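Bear in mind the structure is a predicted one, so any value in this text is a computation, not a measurement. Naming convention: chains lettered A, B, ... in sequence-line order (proteins, then strands); numbering from 1 in each chain.
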Amino acid sequence: MGNTIRSVAPRVNIIASAETWIEDKAIQQLITTAQLPGMVSVSGMPDLHPGRGYPIGAAFFSQRRFYPALVGNDIGCGMALWRTDLTAGKISLDKLEKRLGNIDEPPDEINELPSEFAELPYSPGTIGGGNHFAELQQLDEIYQPARLGALLPDTRQLLLLVHSGSRGLGQAILEQHVRAFGHRGLEQDTPEAAGYLSQHQLALRFAAYNRQCIAQRMLRRWHSDGEALLDVNHNLVAPAVIDGVSGWLHRKGATPADCGLVVIPGSRGDYSYLVRPLPHAVSLFSLAHGAGRKWMRAECKGRLDQRYSMQQLARTAFGSRVICQDKQLMFQEAPQAYKPIDTVISSMEQAGLIEPIARLKPVLTYKTRGNAQ
DNA sequence: ATGTCC
């Protein structure tokens with residue numbers, strides 16, 4: 001277990017095997033964040049990478065105050081996994097792509113919008129940009145048949161993984177907070193803290209509902225039924241007691257290890273893993289939320305556009321299909337721009353933080369139909 | 001990341 005946990009400074013751990021590449025800038029950001037007033041300890045996940053000031057793929061545990069800026073704009077971002085009635089091989093990729101069409105605009109046919117969202121100037125049901133996606137996946141390898149069987153009795157059924165968040169709502173909440181309080185955080189048990197937390201909770205519920213609407217509208221277009229198997233947030237702050245200390249656990253691109261089974265996806269050209277978390281304080285009860293970027297967004301097009309056409313990038317090494325008619329995004333989210341998922345998974349497995357249940361393989365990845373310039 | 005920014 002020891003050689004996959006790097007202690008890079010006092011109260012700063014990183015879960016990563018020796019072969020896991022992590023940028024110096026991300027480690028610096030992690031150490032800097034650990035110096036914030038009230039910070040007790042921080043933990044970098046194997047997908048740690050630099051963000052705007054604060055790193056992504058990390059958990060932060062503080063006492064007495066918490067930091068909305070650490071959660072970021074996409075409050076409630078997470079992964080929802082659905083079982084579908086579609087089965088591998090029974091339906092062609094052409095048909096799936098054609099039936100799916102364009103889901104970039106919010107659906108106008110939402111049956112019962114929960115009343116708490118009725119007055120919001122944001123509509124649920126869209127994926128958004130960046131690393132968000134919805135992906136149809138197929139079971140590839142099973143490591144724990146009994147645990148998988150409890151979730152997915154028919155292993156031929158395709159799965160739908162939705163990665164999205166609270167969209168404009170979380171953005172507006174963070175903007176409003178930063179305008180009023182900057183990056184100094186909020187003292188607990190104050191009206192300001194209660195005000196933020198109440199908006200934050202609304203964003204968590206909206207993000208989960210957004211993922212549900214996305215999955216349901218995709219299933220509807222495919223004339224399929226389905227069922228939500230799990231929905232787990234990786235951008236949030238919540239009260240926690242760790243090693244007897246009461247405080248605030250921030251997760252920024254860090255999957256909770258204490259909320260049941262989770263999916264940790266690789267890039268669109270790589271596997272995703274369904275895993276059983278083994279909660280541990282050294283990782284602040286958290287796990288990686290994906291493979292983690294290898295290249296900065298800005299450098300991806302320059303590195304790839306001489307070698308690959310849009311058409312080539314729309315197919316992966318697995319033969320899966322990618323719907324992404326935004327050229328910048330197509331390059332930014334290319335498999336080459338991400339670390340391989342197997343080192344991320346094996347780092348956590350060697351550290352005793354997860355037990356893999358099954359490996360999933362992409363079939364069809366939806367990003368966007370827009371912005372083809 | 002953002003019904004994004006021109």
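- Per the geometry, CZ belonging to A:Phe206 stands 13 Å off C1' belonging to B:dT2, to the nearest Å.
- A:Arg52 comes within 4.0 angstrom of no nucleic acid atom, judged by non-hydrogen atoms across all strands.
- No engagement by A:Gly51 is indicated, since no non-hydrogen atom pair under 4.0 Å with the nucleic acid exists.
- When the P atom of B:dC6 is taken as reference, atom CD of A:Gln328 falls 18 Å away, rounded to whole Å.
- The two atoms that bring A:Cys77 and A:Ala207 nearest to each other are N-CB, 4.5 Å, heavy atoms only.
- Between A:Tyr67 and A:Phe60, a ring centre-to-centre spacing not shorter than 6.0 Å is recorded.
- By the side-chain hydrogen bond (donor to acceptor under 3.5 Å, both in side chains) test, A:Asp154 pairs with A:Arg156, sequence neighbours left out.
- Computed from coordinates, the A:Asn73 CG to B:dT4 P distance equals 14 Å when rounded to whole Å.
- Rounded to whole angstrom, the span from the CG atom of A:Asp74 across to the P atom of B:dT2 amounts to 5 Å.
- Rounded to a whole Å, the CD1 atom of A:Ile127 is 16 Å from the C1' atom of B:dT2.
- Here A:Tyr271 and A:Phe318 bring their ring centres to under 6.0 angstrom of each other.
- Rounded to an integer number of Å, the gap from A:Tyr122 OH to B:dT4 C1' is 12 Å.
- A:Thr126 comes within 4.0 angstrom of no nucleic acid atom, judged by non-hydrogen atoms across all strands.
- In this structure, A:His132 atom NE2 and B:dT2 atom P are separated by 5 Å, rounded to whole Å.
- Here B:dG3 presents its P atom at 10 Å from CD of A:Glu175, a figure rounded to the nearest Å.
- When heavy atoms are screened at a 4.0 angstrom cut-off, A:Gly72 is found touching no nucleic acid atom at all.
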